[in-house]
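These notes concern the structure reproduced below.
Just so it is clear, the model here is predicted, and its values are computed rather than measured. To find a chain, count down the sequence lines: A is the first, B the second, and so on, and within it residues start at 1. What you see below is based on every heavy atom in this structure, not just the backbone, and it leaves out hydrogens, waters and symmetry mates.
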Number of protein chains: 2
Amino acid sequence: MRKLKDSRRAEIVDAALFVAAEQGIKAVSMRAVAARIGLTSMALYGYFRNKDELLDAIIGRMLADISRPASGLDWRETIRHLAAEVRSVARRYPSVVPLLFTRPAVSPSAIMVIDLLFEALLRAGVEPAQVPRMERMISTFIIGYAISEVSGRFSEGSLDTRSRRAQLRPDLLPGHRLLAEHLDAPVDWDAEYQADLDDFLDVVAGLAARDRGHRAPIAEP
Amino acid sequence: MRKLKDSRRAEIVDAALFVAAEQGIKAVSMRAVAARIGLTSMALYGYFRNKDELLDAIIGRMLADISRPASGLDWRETIRHLAAEVRSVARRYPSVVPLLFTRPAVSPSAIMVIDLLFEALLRAGVEPAQVPRMERMISTFIIGYAISEVSGRFSEGSLDTRSRRAQLRPDLLPGHRLLAEHLDAPVDWDAEYQADLDDFLDVVAGLAARDRGHRAPIAEP
DNA sequence: ACCTGAACACCGTTCAAGT
DNA sequence: ACCTGAACACCGTTCAAGT
């Protein structure tokens, strides 16, 4: 598996990501990917045990597009940078992003992003024992939001608001009725994403303050 | 599409969910589902335009397993109840849950859950204009966490920690190195989920306090 | 009204065979 | 060392035909 030329392997992954970007993840078949670079589907089995392994490689390749945060950034700017990068990668390869949740994050590029989040949370002053939890919490939200945006979980739902409420007996949906005016208003997704991130950064800052308090309590006046 | 007997339609959806629970979502083919109830694949096209529509119906059927919160619960308990229900449904139908993010939430059962969240956030005192954002933020996390748990994004990643770090030059992963002891420790996922939810409830409470402050400012002493 | 047989254009994967 | 032809057991979907 690993003996074969790495350049050929990379060529296959690039072709697969290209097919996914052009025609969606459903069009990524062993035959189609191989044909794109003048091979037959059976040739790919020299480089990947099966299609799942190829899909894992596609995820790694996609995440490799995430740029490292500039070195001068503080912890808040670092997290904001990574969040923005994940979102922009998601827009570049919409149909690939859902795979992020379906498969374990083991590619080198995924581990790099996790490591940068670890560092940022430590610099924020979060107790080390709490850092992995916060990393999972924040990355779960970031990836989930990215998928929701590109797969239409948000937008189609809100476009559909009028018919959605007509569909059911209104007395069964008191929440929707009370919020009627706000549900029909268009949403500024960029602003919402920033607001959500700000809330997360506040949670991190609050956690750090609590931890500092426990470790080195300051006398109350 | 809608003229055909509803009971037959429900029978098909039940069969599909059964196949998914037993053999995974990949085994849910039109032929397999139809065969389970003594039909041919082509019969299903009288009830669903295509396979995607059947998958949407499966999601709706799965979410219908979520129980309504008891009427006496306060807003925190309501959100905790819904979060626990989503997680337990995810464990019941692991391979179906990833579809939640891939397709819009338009089924009646999905809308019911959203409505209950709307109500809880309003009762918490969140400004109505902020309620839809908070609903999306919290449900994105809840669904994302459920998928991550059942699809192994978390567990395989952390089981693999040792080899993961060996795999890369350690000087490139300063975050992992600083957290070494905490990355090898086993994780109590129930406790982590509760801690994450508590953080979200704090965000909601903080937002509500801020909004109350704006609407009816209290004179400072 | 409800269902099917036959057919089309696809899949992933294996295995023996080619150069 | 690298690749392919042929084959197997599947897919989703359409359409004309059955009762």
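- Between A:V204 and A:A124 the shortest heavy-atom distance is CG1-CB, 3.8 Å.
- Between C:dC3 and B:Y47, a contact under 4.0 Å exists linking OP1 or OP2 to a side-chain N or O.
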Pairwise N/O distances under 3.5 Å, protein to nucleotides 4-11 of chain C:
from	atom 1	to	atom 2	distance (Å)
C:dT4	OP2	B:T40	N	2.9
C:dT4	OP2	B:T40	OG1	3.1
C:dT4	O5'	B:T40	OG1	3.4
C:dC11	OP1	A:S29	OG	3.2
C:dC11	N3	A:R31	NH2	3.4
C:dC11	N4	A:R31	NH2	3.4

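- A salt bridge does not link A:E77 to A:R80: none of the charged nitrogens lies less than 4.0 Å from a carboxylate oxygen.
- At D:dA1, none of the side-chain N or O atoms of A:R8 fall inside 4.0 Å of OP1 or OP2 (strictly under the cut-off).
- A:L117 pairs in a side chain to side chain contact (heavy atoms under 4.5 Å, CB included) with only one of the listed residues (A:L122, A:V131, A:I142, A:I79), which is A:I79.
- For the pair B:F48 CZ and D:dG12 P, the computed distance is 14 Å after rounding to whole Å.
- A cation-pi arrangement is present between B:R87 and B:Y193, with the terminal nitrogen or guanidinium carbon under 6.0 Å from the aromatic centre and inside a 45° cone about the axis.
- Between the CG atom of A:N50 and the C1' atom of C:dT14 there is a distance of 13 Å, rounded to whole Å.
- Taking atom CD1 of B:I12 as the reference point, atom C1' of C:dC3 lies 11 Å away to the nearest angstrom.
- Salt bridge status for A:D199 with B:R133: present, with a side-chain N to carboxylate O gap under 4.0 Å.
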5'-to-3' dot-bracket of DNA chain C (Watson-Crick, G-U; under 3.5 angstrom; crossing pairs as [ ]; | other strand): ||.|||||...|||||.||
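- In this structure the side chain of B:V106 never reaches within 4.5 angstrom of the side chain of B:D56, judged on heavy atoms.
- What separates CZ of A:R49 from P of C:dG12 is a distance of 18 Å, to the nearest Å.
- The closest side-chain heavy-atom distance from A:V203 to B:F200 is not below 4.5 Å.
- Taking the charged nitrogens against the carboxylate oxygens, B:R136 and A:D196 have no contact shorter than 4.0 Å, which rules out a salt bridge.
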